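Here is the structure we will look at.
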Amino acid sequence: MRRLWGGHISVEGGAQQAPGRGAAAGLLAIQIFTRNQNRWENRAVTAQEAVDFRRERAAHGILRVASHGSYLPNLASPDEQLWRRSLQAFRAELQRCRALGVDQLIFHPGAHMGAGEASGIARIARALRVLLKENDAPGGPSLLLESTAGQGTQLGWRFAHLRDIIAACGDHPRLGVCLDTAHAFAAGHDLRTRAGYERAFAELDATVGLARLWAFHVNDSRVGLGTRVDRHETLGRGHIGPVAFRRLARDRRFRALPFYLETPGGAECYPGDLAVMLGRAR
């Protein structure tokens, strides 16, 4: 089986540039932004852009494409105006993903902004039920809730948050989870030891279920265990260290899943990150 080693790739010059950049870094999976992350309003993907992206993806043999959702929307917001603006931003993102043929839309669940976890989870689920109902035609992306570090009032740092959101959406078949290693570590899961690693995945299995784990974000952490701070680091140079990543790469349960690197330095540094995962780093 060909492993889906991947990474977040720049779309400078157009999304059609990303597949070639990913292939040049030795990747079979890429993650992109389909929009400017600093603006609420973004234009739709043109027919020519969609054709160009799909052509380049096929030409470079990219087997999996994910979009990382914008950081501006907050589906957990207790503010109705912001919630509706966030919902519309996700609608537009889903339209761009469908046009480009993106397989997975990965996004942070949201922050409850002081309204409480239960309220935030209910708001997220309300939005996702609307989006899933509107986008039930074949060919759209799967929606992956990303595990978070739990900074501020972020939801998703407890696996139970992810479970409750999915359950409130009727266990919809297009809803899954992306586990971010740096976020999980910052949230308190000690991936450095075999015992801690096994505990983390046992908890994930007992809450969400490993069948809902559809992707990884692979990052070392600049901050310590349980700090609830989101800071990525190059593999092997952070507080998690290289052993955990080699263990993850060898874990047969996840051999069919994409592993998206989001480490500092981007595509130029991904070959070194992969060498750490595969135990080939000097």
Side-chain angles (χ1 to χ4, degrees), residues 2-75 84-108 127-128 130-146 173-176 178 214-215 217 257-263 265-271:
R2 301 175 74 187
R3 299 298 301 275
L4 295 175
W5 306 125
H8 191 93
I9 300 296
S10 169
V11 293
E12 183 178 359
Q16 74 276 6
Q17 303 295 331
R21 290 175 180 144
L27 308 179
L28 291 176
I30 61 172
Q31 178 181 270
I32 61 173
F33 289 132
T34 70
R35 52 166 290 168
N36 186 321
Q37 294 297 292
N38 298 315
R39 295 174 52 194
W40 278 96
E41 303 302 329
N42 280 269
R43 64 180 180 81
V45 174
T46 68
Q48 189 59 55
E49 287 169 338
V51 167
D52 291 345
F53 181 82
R54 289 169 181 263
R55 181 193 67 236
E56 292 302 305
R57 173 182 179 174
H60 291 285
I62 300 300
L63 301 180
R64 194 70 54 86
V65 176
S67 169
H68 195 299
S70 172
Y71 300 113
L72 293 176
N74 179 13
L75 296 181
R84 291 189 178 279
R85 192 177 192 186
S86 300
L87 182 66
Q88 183 55 38
F90 267 82
R91 281 195 182 103
E93 175 66 23
L94 282 165
Q95 291 168 0
R96 286 190 295 274
C97 287
R98 186 177 288 273
L100 294 170
V102 167
D103 305 299
Q104 300 176 321
L105 170 56
I106 302 171
F107 61 98
H108 293 187
L128 291 177
V130 171
L131 294 167
L132 288 163
K133 184 177 181 179
E134 292 175 349
N135 292 271
D136 61 354
S142 300
L143 276 62
L144 276 63
L145 296 153
E146 180 177 347
R174 284 175 57 196
L175 268 182
C178 173
W214 296 345
H217 280 167
L257 301 184
F259 289 70
Y260 300 109
L261 292 159
E262 297 179 316
T263 51
E268 291 185 1
C269 298
Y270 291 162

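Computed from a predicted structure; not experimentally measured. One-based numbering along the sequence shown.
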Apply side chain to side chain contact (heavy atoms under 4.5 Å, CB included) to the pair N42 and F33, showing each step before the final yes or no. CA-CA 12 Å; N42 280 269; F33 289 132; over 6 Å; no

I need the minimum non-hydrogen distance between [X] and [Y], along with the two atoms involved.
X: Q104; Y: V102; value: O-CG1, 3.3 Å
X: L261; Y: Y270; value: O-OH, 3.2 Å
X: R3; Y: F259; value: NH2-CE1, 3.5 Å
X: A25; Y: P271; value: O-CG, 3.9 Å
X: C178; Y: I106; value: CB-CG2, 3.9 Å
X: L72; Y: N38; value: CD1-C, 3.8 Å

Identify, with sequence neighbours excluded, every residue that meets ring pair (Phe, Tyr, Trp, His ring centres under 6.0 Å) alongside H108. H68, Y71, H183

Verify whether one side chain among Q88 and R85 offers a donor that lies under 3.5 Å from an acceptor in the other. no

For the atom pair [atom1] ([X]) and [atom2] ([Y]), what is the distance rounded to the nearest 0.5 Å?
X: L28; Y: I62; atom1: CG; atom2: CD1; value: 6.5 Å
X: L143; Y: L132; atom1: CG; atom2: CG; value: 5.5 Å
X: L145; Y: L175; atom1: CG; atom2: CG; value: 6.0 Å
X: F90; Y: S70; atom1: CZ; atom2: OG; value: 8.0 Å
X: F53; Y: I32; atom1: CZ; atom2: CD1; value: 4.0 Å
X: Q17; Y: D52; atom1: CD; atom2: CG; value: 9.5 Å

Just wondering, do L128 and L75 contact through their side chains at under 4.5 Å, heavy atoms?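 Of all side-chain heavy-atom pairs linking L128 with L75, at least one is under 4.5 Å.
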
Using the rule given for side chain to side chain contact (heavy atoms under 4.5 Å, CB included), can you reason through E134 versus L94, listing the C-alpha separation, both sets of side-chain angles and the distance that settles it, and then say yes or no? CA-CA 10 Å; E134 292 175 349; L94 282 165; over 6 Å; no

Would you please name every residue forming a side-chain hydrogen bond (donor to acceptor under 3.5 Å, both in side chains) with R84, sequence neighbours left out?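 R84: side-chain hydrogen bond (donor to acceptor under 3.5 Å, both in side chains) contacts with E80.
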
Indicate yes or no for a side-chain donor-acceptor contact from S86 to the backbone of N74 under 3.5 Å, with no hydrogens or angles considered.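 Checking the backbone N and O of N74 against the side chain of S86, a donor-acceptor pair under 3.5 Å is found.
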
Short side-chain to backbone donor-acceptor contact, R57 and L63, under 3.5 Å: yes

Given the options Q16, R96, R43, E49 meets side chain to side chain donor-acceptor pair (under 3.5 Å) only with R43

Let me check something: any side-chain donor-acceptor pairs from residues 5-14 under 3.5 Å, sequence neighbours excluded? List them with distances.
| from | atom 1 | to | atom 2 | distance (Å) |
| --- | --- | --- | --- | --- |
| H8 | ND1 | Q31 | NE2 | 2.8 |
| S10 | OG | E12 | N | 3.0 |

